[in-house]
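Computed over heavy atoms, backbone and side chain alike; hydrogens, waters and symmetry mates excluded. Computed from a predicted model, the values in this text were never measured in an experiment.
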Amino acid sequence: METATALIVRVIHRYHPEWTPPSDTGRTWARTNCPFHGDETASAAVSYELDSYSCLGCGTKGNPITLIKRIEGVSFAAAERIAASISEG
């Protein structure tokens with residue numbers, strides 16, 4: 001999966017526009033700084049193949065829906081609608 005099309009990258013960037021998505025290294029995942037806490041090192045991993053995110057520093061992890069639920073404080077159905085709108089661009 002191409003980095004630019006990974007929904008997890010779009011979701012993180014929507015809520016943290018200052019975050020720079022990891023560059024495509026030709027792998028199915030990349031290490032990066034966590035946009036959810038003051039991370040000075042690359043303690044987070046973004047999986048393009050699994051469309052998921054995990055930070056060893058703060059423990060934040062999940063897929064696009066779970067991250068939207070956490071950030072917005074909404075139900076699963078509402079998070080799905082938000083994810084669909086992000087996916088459409």
Side-chain angles (χ1 to χ4, degrees):
M1 177 177 283
E2 189 177 302
T3 304
T5 61
L7 181 56
I8 194 72
V9 171
R10 291 180 185 181
V11 167
I12 294 169
H13 194 260
R14 175 179 175 149
Y15 294 102
H16 298 279
E18 73 285 354
W19 181 67
T20 303
S23 61
D24 188 358
T25 60
R27 299 180 297 194
T28 60
W29 63 275
R31 296 197 54 81
T32 186
N33 291 7
C34 178
F36 295 101
H37 69 98
D39 194 7
E40 296 294 324
T41 61
S43 64
V46 176
S47 171
Y48 311 127
E49 187 174 285
L50 300 175
D51 210 19
S52 65
Y53 173 87
S54 179
C55 178
L56 298 174
C58 68
T60 301
K61 61 183 175 181
N63 59 40
I65 302 297
T66 58
L67 290 180
I68 292 169
K69 282 178 59 179
R70 177 179 181 253
I71 293 166
E72 294 278 349
V74 296
S75 68
F76 182 85
E80 280 187 315
R81 288 190 295 276
I82 294 167
S85 71
I86 293 170
S87 182
E88 292 171 359

Look up atom [atom1] in [X] and atom [atom2] in [Y], then write down how far apart they are to the nearest 0.5 Å.
| X | Y | atom1 | atom2 | value |
| --- | --- | --- | --- | --- |
| Leu67 | Leu7 | CG | CG | 10.0 Å |
| Phe76 | Lys69 | CZ | NZ | 7.0 Å |
| Cys34 | Lys61 | SG | NZ | 13.5 Å |

Looking at [X] and [Y], what are the two nearest heavy atoms and their distance?
| X | Y | result |
| --- | --- | --- |
| His37 | Ser43 | NE2-OG, 3.9 Å |
| Ala42 | Arg31 | O-NH2, 2.6 Å |
| Ile65 | Glu80 | CD1-CA, 3.7 Å |
| Ile82 | Ser85 | O-OG, 2.7 Å |

TODO: Flag yes if Ile68 and Leu50 sit in one hydrophobic cluster, no otherwise; membership is Ile, Leu, Val, Met, Phe, Trp, Tyr, and two members link when side-chain heavy atoms are under 4.5 Å apart.
DONE: no
Open item on the list: If hydrophobic clusters are built from ILVMFWY residues whose side chains come within less than 4.5 Å, do Ile71 and Val46 share one?
Closed with: yes
TODO: Please confirm whether the backbone N or O of Ile8 pairs with a side-chain atom of Asp51, one donor and one acceptor, at under 3.5 Å?
DONE: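 Pair found, side chain donor or acceptor close to backbone of Ile8.
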Open item on the list: Whether Arg70 engages the ring of Phe36 as a cation-pi pair (distance to the six-membered ring centre under 6.0 angstrom, angle to the ring normal within 45°) should be assessed.
Closed with: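 Ring-cation test returns yes.
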